[in-house]
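A short write-up of the structure that comes next.
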Amino acid sequence: MTAVALVTQTRTALADAVREVRLAWNRRATAAAAAVALAAALPALPLGIGFDRIAGDLYLAAAAVGLGLVVGLGGMPSLGQGAFVALGAFVTAHLAGSGWPTELAVTAGAIAALLAGGVLGLLVGLLRPALVAVVTWLVAWLVALALLAFPSLSGGAQGLVLEDAMSSTVHYELALVLVALAILLYVAAARAPAGLALAAAREQRDAAETLGVDVSGLRAGVFAAGAGIGGLAGSLAVYLAGVADSGAYGPLLSAELLIAVVLAGAVSPFGGLVGIAVLSTLERIAEVGDLGSLQTSRVETLLVAVIVVSALGATDRGLLPSLADWRRRRAHPPAREVAAPRAAARRIESPLLLEAGGLTKSFGPVTALENVDLTLTGGTVHALIGPNGSGKTTALRVLTGTLEPDAGMIIAGRRDISRSDVRTRAELGIVGTPQATAVFSELTALENAVVGARLRLRDARGARAVFATPKARGDLRVAYAAALAALETVGLREVPDVLAGELPGAAQRRLMIAVALATEPRVLLLDEPAAGGSRTEVDLLADLVLELRASGLAILLVDHNLRLVRKVADTVTVLAAGRAIATGTLDEVTENEAVLTAYVGARRI
Amino acid sequence: VSLLLQVVISGLAAGAVYGLVAIGYVLVYRLTGIVYFALGDLVGLGVFAALLVAAGTGPVTETNVGGLRFLAALVVGTLVCIVASAAAYWLAVHPHVARGSAIGWIAATIAIAYAVRSSIDVFFTRPSYVFPDPIPFRDVGNGGFVGVGGASIQVRAFFVIAVGVALAALATVVLRRSKLGRGLRAIESDVEGAALAGVPVTRMVTLAFALAGGLAALAAVVAAPSAPFGVESGSLLGVKALLAAVVVGFASPVAGFAAGLALGVVESAIANFHVAGLQLGPGYHEILPIALVLAIVAARALAARRPGLAEVS
């Protein structure tokens, strides 16, 4: 590529970016930009205040925003953010002590925290919230105790002293920029498909994984990013303090950061900033009062703690999200039933043949599935029926890959996928909708579908989408178009911006199908899509399933609703006590003796 | 051999206290699914409440206080901890558990720990305090030490171990036999079922929190005269007991107690032994167990990582 072409291309890309920014610009963006500009101009005004303490608080706020990313977006309640702040601080202090220039020492400190966060993230990404808290809390103690035990690391009681070439005003401006960038990163990450997928996993991890979301990997990445921001804040703050003192980085720092974030609301990008602002304001108010012989600094933390505990008891979502909920409820009354004009489904270019043979699965002494064969062909609907506990859902989960069978083989096309994980199968086009209504209620209908469409993204994954590189932006447009098309297929094109949790039940069930369709599946596994639906809803659903069948999809339908099964199924397999007792058309199986016996006492077909 | 004996006995004495606090963690976890991060600091609160009764807030030298006064201190310390633990459940844990919010109870229990610590801080301003010993162990043997097979062992250690094992046994019996224990087991296996069967769930769980607090405080006050006690000591005790509870996967109170004893011995061994010419020394005895437990949790998480089973218990 010639230099001229490169320049032209860059210019086009930049012009594109500017145009998009201009389109997306709104009053909020103006307000935020004005607030940052005003804050940045403060030192130039004759206020006669020192900026030492404010700069320190802002660095703390940056670490808190990083933690907010981990807690709010990643869904990992970390009690170890202080450990990464400490890591950044001590790495920087050591390097500065051996003569490294400030920029390099700070960069190294941040990178050290980023790497350590990545390693720990690989572990905590696997764990559920209670254990995430335990593990990160232990890490916070490990770091604190190590600093205490080894003076060679921490510089002992006097700490590591370093020289600061920057004035407190410079620190203030730096900290301001850091906080603003951290918040921007949070906003961008939350809007990117990866952020939506993380929000989905926060609510329903299993459902997100069924759609091919690599939850553990994404969480590890977010954890590393949060740790890196914390480390960067720590590295810069240590210059401001002039000394790295091991006493300042105990588990209490981690606890304080988490409390600040949760108090203001982790799901808000501003949570960390507001939380630290609230805490330090409370502290300053407490300092003003004269409490006689008691040491005010000690009473002040007590006061803050008491206020925090009571505030936390009142709301667990945090101040900012509670406020936002309240405002939204006033502005938008909940959505009513949605009319359902639909569009044709996407044609399947190359249908997939899914064959399963000899599937067997036991849970301890209970045999849930015994030697079951199933064949799903493109353009047909295969229904799986049977009494409760007959193994229908087990069969479905074995096919999606969320359960590993004890024996049996699954062939997709010509590939053996018996041991493949959920994600591999999803990429091949084998996708299931989870049982019960498992929409991601805190995302809008469109965002729900984007979580599905994310599976087919090539360039807009992870960090590239967050930083909106030109390629990623093109890819994003495709993903949003696919998501919209999926909504249109199920008849939800009119309500893309309604929160999924506020949709009526029937619409939520159709949305679940849309989310699966957005992954561009070739084999669709539907788990009780008609559960709890009215007659009219079931008929609408039947039309949808027939439409999907006509598009070339291979469909497995697990449902009790025989009205639905009768309308759409080409083949029916009846399960009883884990065994397939009959396969054929619905009329054939209803005349089967074994089937009648299995249903005796329950109901007649 | 003599060193080994000394290491084991002093380790068991420390471990008995870890074990009793670990029983509290396990009990609370099995009933509510929460990790009671405030437990260690609540134990600290109990110890300092007892200290307040026994000797006030002033500097304490290792003089004996009267047996009666110490008894009063023991009762007050335990009661304070029982009440504080139950109150913490009601005020800060119950609302979040009812809402099913993990982030809520994690932040709330940590905030309580923080609040408890700062309230101790208001009255006790020194880094650490020496707790007066009610029983004159110093007069037994050689200045409080006896020689066993060439090893000189603190007499107090035997006393602490005995009290710890007795309390653990008592707790086990209560949890197995009493009506409270049956109710708790019912809640543990199925909360909704227990509620339907007429078990007063909230009252029972409140009692369990009280029991967890009381048991731990009792042990800590008994053990406190063995070593200086500071504001951080409670938190650190909490972390060590948590290690014990995590290692056994919160499986059962007895397992938690046993793991606590083992942790005590391991710590004492790390602090005293040198292996193959490598002297580890006291710097490592707190760090290595934490690192070890983290490695165990990681190994378990990776082993459980099969398709769709990524949520590790």
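So you know, we letter chains A, B, ... as the sequences are listed, proteins then strands, and number each from 1.
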If I measure from the heavy atoms of chain A, does [X] come under 4.5 Å with its side chain, its backbone, both, or neither?
X	result
B/A298	both
B/V93	neither
B/I34	neither
B/L242	side chain

Tell me, for [X] versus chain B, whether the close heavy atoms (under 4.5 Å) come from the side chain, the backbone, both or neither.
X	value
A/L79	side chain
A/L123	side chain
A/V71	side chain

Q. What class does the angle between the rings of B/F250 and B/Y29 fall in, given that below 30° is parallel, 30 to 60° is tilted and above 60° is perpendicular?
A.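 Answer is parallel, since the angle falls under 30°.
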Q. In terms of the angle between their ring planes, are A/W137 and A/W141 parallel, tilted or perpendicular, with boundaries placed at 30° and 60°?
A.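 Because their plane-to-plane angle is over 60°, the rings of A/W137 and A/W141 count as perpendicular.
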Q.
What I want to find out is whether A/E209 reaches A/R423 closely enough, with some N-O distance under 4.0 Å, to be called a salt bridge.
A.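 Looking at A/R423 together with A/E209, the answer is no, because their closest N to O distance does not fall below 4.0 Å.
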Q) Testing B/L292, B/L294, B/V293 for side chain to side chain contact (heavy atoms under 4.5 Å, CB included) with B/I290, which one passes? A)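 The passing option is B/L294.
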Q.
Can you see whether A/D421 engages A/T424 through a side-chain donor-acceptor pair at a distance of less than 3.5 angstrom?
A.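 Distance-only check passes for A/D421 and A/T424.
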Q: Kindly indicate, with the supporting measurements, whether the criterion side chain to side chain donor-acceptor pair (under 3.5 Å) is fulfilled by B/S85 and B/Y36.
A: CA-CA 10 Å; B/S85 181; B/Y36 199 10; 3.2 Å; yes
Q) Among B/G33, B/A291, B/S235, which has the most heavy-atom pairs under 4.5 Å with chain A? A)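 The answer is B/S235.
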